[in-house]
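When a residue number appears, it is its place in the shown sequence, counting from 1.
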Amino acid sequence: MKISQDIRYVGASRESEDLFEGLYKVPCGMAYNSYVICDEQPVVMDTIEQELGDEWLENVEKQLEGKAPAYLVVQHMEPDHSANVQRLLQRYPQTTVVANSKTFAMLNNFFPRLQCNKKEVADGERLCTGRHTLRFIFAPMVHWPEVMVTYDEKDEVLFSADAFGKFGSLCRNQPWEEEAARYYFGIVGKYGVQVQALLKKASALSIKAICPLHGPVLSDNLQKYLSLYDVWSRYGVEKQGVLVAYTSVYGHTRAAARLLADTLADMVVPVEVYDLARCDEYEAVSKAFRYGKIALATTTYNMQIFPAMRQFLSHLTDRNFQNRKVAVIENGSWAPCAAKLITQALEGCKNVEILPAVTLRSAMTEQNVGQIKQLAQLLAQ
């Protein structure tokens, strides 16, 4: 794949991968990206994960056409991007590793006996490789402390590390937004302030293509992707409507959640419903950050919140959930306390409005039906 006349894709995909980072379901596999800049002094941009190393090295050698890389730029030290650093240097021992001080410290952690030529760069420093000049832009905590991105001033290409990545192999033609949002809110979402800082730096650049470490190269309608990242990292509202997320033991809480969703739909309010015990929890997490309003329906369980809902709330608060309106439906046969515990779980979140809760005692009554319809009215406003 040619990104430009000199920039080539040398990554690889694993179609059979089912779980990324031990957490995220990836039914369409996963892409691990790396790039070569063919110049007077050739540059390899990052490596990929260990098990695909043979395929990656073959791709690199093919694009180098017998040359040795002058530089290996290491933007991010997670093993899915750095696992083959030592293999490349064993093949090309004269290659100089280009990285920042935090990266070199981590490199020693992963490869304690590694001997190599090093070029430590500062934020904003440039490296001329012949026709191309690379500018290194630090992006700490997007989403590790050592992360930097690289801007090629000649071809106006931004090598964006994990920013703008998505789940899925490159062999699948998937819409970008859904899997990119699930990737962003699962992995990067906690660090909205840091993403905003990177976007501010990127706004000063003329960018023709974005080359992330996962997912497709982005070259068309770049403003769309930049705008979505701006909304996501500000914890803004991307979608108008309501996310209804529930857990249910015997079906009564599910019936209440469905009544709420159906009432909203009758009012022509967009609504999505997730059974947290059965759905992809990280898809539900991403929707909670994309909609401006969410409704949580759950039972009291062992004087706590039902486990799947408790974990869902933990995912939200761990990722700086904020700027949302939240409705709660609780169910408890003798001592309902889920609404109180949900309120406590969210009390540290910024600008979260919690509507008056609806309490079921085992099953819905006619009074509950009216309360849920009134709750739908409040959410529809």
Side-chain angles (χ1 to χ4, degrees), residues 140-143 163 177-178 180-200 203 225-247 257 260-261 263-264 267 269-274 276 281-298 305 308-330 337-359 371-372 374-381:
M141 298 316 302
V142 186
H143 59 121
E177 287 92 332
E178 294 303 317
R182 195 163 66 93
Y183 177 94
Y184 175 86
F185 288 111
I187 295 173
V188 188
K190 180 181 179 68
Y191 304 106
V193 171
Q194 290 82 359
V195 173
Q196 280 286 302
L198 175 58
L199 289 174
K200 184 177 180 180
S203 68
Y225 308 115
L226 291 164
S227 296
L228 281 171
Y229 253 61
D230 179 51
V231 172
W232 294 346
S233 58
R234 286 188 291 104
Y235 306 97
V237 177
E238 177 198 345
K239 292 174 172 283
Q240 296 301 321
V242 180
L243 166 72
V244 177
Y246 73 88
T247 63
L260 178 63
T263 305
L264 288 166
M267 298 165 67
V269 175
V271 61
E272 291 193 54
V273 183
Y274 285 85
L276 295 177
E281 61 184 316
Y282 293 102
E283 182 179 337
V285 167
S286 75
K287 293 298 173 66
F289 281 94
R290 298 173 77 188
Y291 283 107
K293 302 168 186 176
I294 69 171
L296 306 175
T298 192
I305 306 168
M309 180 64 74
R310 197 187 324 167
Q311 181 162 304
F312 181 67
L313 287 165
S314 177
H315 288 319
L316 298 186
T317 56
D318 286 350
R319 290 162 176 79
N320 287 333
F321 187 69
Q322 57 188 272
N323 304 329
R324 295 296 185 271
K325 182 177 287 189
V326 178
V328 178
I329 300 172
E330 66 172 352
C337 62
K340 180 182 73 173
L341 294 173
I342 288 172
T343 300
Q344 290 174 357
L346 297 176
E347 65 186 2
C349 299
K350 297 178 183 177
N351 194 27
V352 170
E353 177 188 356
I354 301 179
L355 300 175
V358 174
T359 299
Q371 291 170 332
I372 289 169
Q374 186 177 14
L375 191 60
Q377 293 281 352
L378 292 174
L379 288 168
Q381 289 176 359

Distance in Å, L316 CG paired with F185 CZ, rounded so as to fall on 0.5 Å steps: 11.0 Å

Pairwise side-chain contact, M141 with K190, heavy-atom cut-off 4.5 Å (strictly under): no

Closest non-hydrogen atom pair between E347 and Q344, with its separation: CG-O, 3.0 Å

Side-chain donor/acceptor of K293 to backbone N/O of L379, under 3.5 Å: yes

Over all atoms of both residues, closest heavy-atom pair of A357 and A339: CB-CB, 3.8 Å

Where V142 and A163 come nearest, the two heavy atoms and their spacing: CG1-CB, 4.4 Å

Intermediate values then yes/no, side-chain contact (heavy atoms from CB on, under 4.5 Å), L260 and V358: CA-CA 11 Å; L260 178 63; V358 174; over 6 Å; no

Contacts of Y229 that satisfy ring pair (Phe, Tyr, Trp, His ring centres under 6.0 Å) - sequence neighbours left out: F164, Y184, W232

Donor-acceptor contact present, side-chain Y274 to main-chain V285, <3.5 Å: no

Pair V242-Y291, side-chain contact (heavy atoms from CB on, under 4.5 Å): steps then yes or no: CA-CA 6 Å; V242 180; Y291 283 107; 6.0 Å; no

Trace of the side-chain contact (heavy atoms from CB on, under 4.5 Å) decision for H143 with Q194: CA-CA 8 Å; H143 59 121; Q194 290 82 359; over 6 Å; no

Between CD on residue E330 and OG1 on residue T359, distance to nearest 0.5 Å: 3.5 Å

Spatial distance of atom CG (L296) from atom OH (Y246) [nearest 0.5 Å]: 13.5 Å

pair V193-Q196: side-chain heavy atoms closer than 4.5 Å: no

Parallel, tilted or perpendicular: ring planes of F321 versus F289, cut at 30 and 60 degrees: perpendicular

Point-to-point distance, once rounded to the nearest 0.5 Å, from OG1 of T247 to CD of Q311: 12.0 Å

Gap separating the CG atom of L375 from the CG atom of L264, nearest 0.5 angstrom: 8.0 Å

Q374 atom CD, over 12 foreign heavy atoms within 6.0 Å: no

Heavy-atom check, side chain of E272 versus side chain of R290, under 4.5 Å: no

Side-chain heavy atoms of K325 within contact of L355, under 4.5 Å: yes

Within-4.5 Å side-chain heavy-atom neighbours: R324 and V237: yes

Interatomic spacing from CZ in R319 to OG in S286 - rounded to 0.5 Å: 10.5 Å

Least distance between heavy atoms, A376 atom then T263 atom: CB-CG2, 3.6 Å

Test log, rule side-chain contact (heavy atoms from CB on, under 4.5 Å), inputs T298 and L276: CA-CA 10 Å; T298 192; L276 295 177; over 6 Å; no

R182/E281 ion pair, N-O < 4.0 Å: no

Smallest separation among heavy atoms of V231 and E238, with atom names: CG1-N, 4.0 Å

Side chain to side chain contact (heavy atoms under 4.5 Å, CB included) involving T317 - partner list, sequence neighbours excluded: L346, C349

Flag, side chain of Y235 to backbone of N320, donor-acceptor distance under 3.5 Å: no

